[in-house]
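Chain letters run A, B, ... following the sequence lines, proteins first and then strands; every chain starts at 1. No hydrogens, no waters, no symmetry mates; every other heavy atom, side chains included, goes into these values.
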There are 2 protein chains.
Amino acid sequence: MSSDLKENFAFRPGRRTARPGTQPPAPRSAGDADGSVPSRTANRPGPTALAAKVRTMAPSMTRSMQRVAEAVAHDPAGCAQLTVTGLAERTGTSEATVVRTSRLLGYPGYRDLRLALAGLAAQQESGAAPAVTADIVVDDPIADVVAKLALDEQQTLADTAAALDVAQVEAAVAAMAAARRVDVYGVGASGLVSQDLAQKLLRIGMVAHSHVDPHLAVTNAVQMRAGDVALAITHSGRTVDVIEPLRVAFDQGATTIAITGRPDGEVAQYADHVLTTSTARESELRPAAMSSRTSQLLVVDCLFIGVAQRTYETAAPALSASYEALAHRHSPRQRTR
Amino acid sequence: MSSDLKENFAFRPGRRTARPGTQPPAPRSAGDADGSVPSRTANRPGPTALAAKVRTMAPSMTRSMQRVAEAVAHDPAGCAQLTVTGLAERTGTSEATVVRTSRLLGYPGYRDLRLALAGLAAQQESGAAPAVTADIVVDDPIADVVAKLALDEQQTLADTAAALDVAQVEAAVAAMAAARRVDVYGVGASGLVSQDLAQKLLRIGMVAHSHVDPHLAVTNAVQMRAGDVALAITHSGRTVDVIEPLRVAFDQGATTIAITGRPDGEVAQYADHVLTTSTARESELRPAAMSSRTSQLLVVDCLFIGVAQRTYETAAPALSASYEALAHRHSPRQRTR
DNA sequence: CTCACAGACGGAAGATATTTTCATATCGAC
DNA sequence: GTCGATATGAAAATATCTTCCGTCTGTGAG
């Protein structure tokens with residue numbers, strides 16, 4: 001009789017009280033420092049099952065409970081924000097009813113239902129979030145711009161990494177690591193990349209120079225000879241200001257490397273090793289320079305790391321030395337890491 | 001007219017005082033108990049951003065807080081099961097520290113962090129766990145270096161995008177679009193980023209300048225006043241060569257923007273708008289400069305696009321003009337696509 | 001129509017969990 | 001080594017959740 005019903009409704013009376021060392025089975029409770037809090041893994045329904053559960057159980061619920069269940073099923077995200085009191089008010093019921101509903105849905109109490117609710121909301125949101133792949137347009141809100149740019153650049157990176165010819169990188173790295181000096185040519189946006197590379201190579205004790213001025217670049221290229229490395233960076237592959245010095249260095253017998261988006265471009269003719277960069281589609285607001293830069297930087301970073309690996313003996317101390325040298329350029333007081 | 005000027009000056013009364021180092025704690029978010037309207041979540045970071053946030057904020061955390069953050073990032077599902085006491089015990093800290101960490105991560109308290117954790121866990125469970133990137137080591141073959149670098153940078157981009165405060169970007173863009181002139185300060189690796197930004201702004205017809213020489217930067221900063229925008233880029237947040245000109249510009253009444261990986265750093269004190277960059281963990285061979293650069297560039301690109309959108313009338317023709325101007329610098333013969 | 005009863009329901013006491021406070025421990029600069 | 005500043009945890013103060021229990025509603029019998 002009443003015992004029958006009681007079992008149905010009042011399951012596990014003392015379930016939440018942690019004290020009486022009830023159920024020890026804890027699959028992955030490794031980190032339970034001192035075991036004072038038994039980890040409750042439980043067979044509680046996951047967030048996915050929650051919606052279904054609500055529909056299944058709804059008929060067998062009392063009116064007030066149904067209101068709670070409905071609110072929960074209808075707006076998991078919103079309800080997850082509410083305390084037990086809040087949800088009670090929203091549904092025009094009492095805290096006790098909310099807890100009873102939670103129990104009926106298979107959770108030890110409202111706290112756990114709320115957790116599952118948050119999970120459900122997150123799942124729904126992630127599932128509903130369609131990847132923004134469209135072009136950036138004039139009236140995009142900033143949030144979209146950020147998301148689109150980030151995705152585009154990620155795509156560019158993935159493409160570049162996939163398309164990069166490892167053998168060419170290997171050869172380029174070997175040449176650079178062994179080089180007496182490394183000269184890098186680049187103008188415009190690529191000029192910054194060339195400076196970035198030169199900066200980093202300098203940091204590990206190599207003799208590297210970035211030439212942005214085309215005249216000086218040619219002037220210097222004349223000095224190059226076997227054992228030196230000349231590296232040209234041009235997205236279009238046909239920037240004369242960059243091709244020219246590379247050609248000169250090439251003629252002088254230096255080892256030449258080209259980083260370009262067009263491996264069939266003119267620059268490749270004078271390059272011993274060609275490293276191909278990938279580019280995202282460009283749009284009116286997003287000049288090609290932007291994604292080519294991302295791509296170029298990745299290639300340049302790979303070269304740098306490669307060279308650093310091969311010259312580790314000298315690179316490592318040089319790196320830390322350059323760090324220390326900069327220390328006094330920082331303001332002193334700052335909390336410890 | 002005069003009233004206009006007046007407004008410009010009366011604009012910020014107490015402006016000469018640097019902002020205190022820490023941001024005001026987020027006011028306890030409403031909607032906890034009101035339950036009247038199904039109003040959506042505030043601007044509390046969602047579960048997606050959490051992992052990114054942990055990585056971003058980790059450096060500015062104290063040791064105990066880092067332990068908590070690490071536990072949370074490492075096992076969101078497990079931690080979501082724990083009470084504040086449980087998590088404190090697991091990490092060998094106190095409840096207070098757990099709460100402090102939650103606050104630092106952008107939640108009103110542990111309760112909300114726990115909710116987000118549950119969401120994150122659910123998401124992770126539904127989506128296949130992405131590959132974990134190992135550190136780059138000395139004897140990695142080049143192919144691995146390429147793959148790891150690309151993944152790291154992608155991660156950095158995703159983190160940055162997730163952690164970027166859109167409102168701050170919005171404000172920065174608005175200020176820049178309306179600015180009489182924009183000065184950008186950056187040294188070292190950040191100097192290249194600053195040049196990149198200035199270059200692009202120039203392309204769309206803005207008056208922008210990148211200052212790499214700290215002395216000249218300060219000299220120029222003195223000229224700044226209300227209606228001008230000064231932008232400082234520093235990963236560490238405490239590069240004096242960059243902070244100094246920003247401070248001067250700030251004192252002169254210019255609108256100041258900081259792009260930094262340490263929003264709690266000194267540079268933030270003199271910045272009206274702080275844009276936070278994220279960083280991948282660095283290793284011996286992979287200095288922080290590398291990933292901070294990626295992150296900074298994304299932010300800078302967002303600013304650029306935002307400004308271009310808002311000044312579209314002048315930006316679009318200026319862009320195409322700059323393309324045409326460069327045409328004759330390319331070698332002529334090349335198939336199109 | 002009234003009464004008695006079963007069960008739903010909410011108010012408030014009781015139990016937990018979270019947040020805040022404050023004294024102490026620790027760290028770093030000088 | 002001393003001093004000042006910051007970080008940290010213990011415990012008090014709140015907030016939140018759960019349980020208990022009395023009231024209320026609806027139902028069916030008399």
Donor-acceptor contact below 3.5 Å, side chain [X] vs main chain [Y]:
X      : Y      : value
B/S295 : B/T160 : no
B/T277 : B/G261 : yes
B/R103 : B/P108 : yes

**Non-neighbouring partners of A/Q199 that pass side-chain hydrogen bond (donor to acceptor under 3.5 Å, both in side chains), sequence neighbours left out** = none
Using only side-chain N and O atoms of [X], determine if any of them is under 4.0 Å from OP1 or OP2 of [N].
X     : N      : answer
B/R63 : C/dT26 : no
B/S64 : D/dT8  : yes
A/S94 : C/dC9  : no
B/T97 : D/dG9  : yes

In this structure, how many angstroms lie between the [atom2] atom of [N] and the [atom1] atom of [X], rounded?
X      : N      : atom1 : atom2 : answer
A/D112 : D/dT16 : CG    : P     : 17 Å
B/Y107 : C/dT19 : OH    : P     : 14 Å
A/R111 : D/dT19 : CZ    : P     : 11 Å
A/R114 : D/dT18 : CZ    : P     : 11 Å
B/E89  : C/dT18 : CD    : P     : 12 Å
A/L113 : D/dT18 : CG    : P     : 10 Å
B/M65  : D/dG9  : CE    : P     : 11 Å
B/L104 : D/dA7  : CG    : C1'   : 13 Å

**Pair A/E70 + A/R67: basic N to acidic O under 4.0 Å** = no
**Asked** Hey, which of these two, B/E95 or A/V84, hits DNA chain D nearer its 5' end, going by closest nucleotide?
**Response** B/E95
From [options], nucleotide with atom closest to [X] side chain:
X      : options                : value
A/T62  : C/dT19, D/dG9, C/dA8   : C/dA8
B/R100 : D/dG9, C/dA17, D/dT16  : D/dG9
B/A96  : C/dA17, C/dG10, C/dT20 : C/dT20
B/R103 : D/dT19, C/dT20, C/dG10 : C/dT20

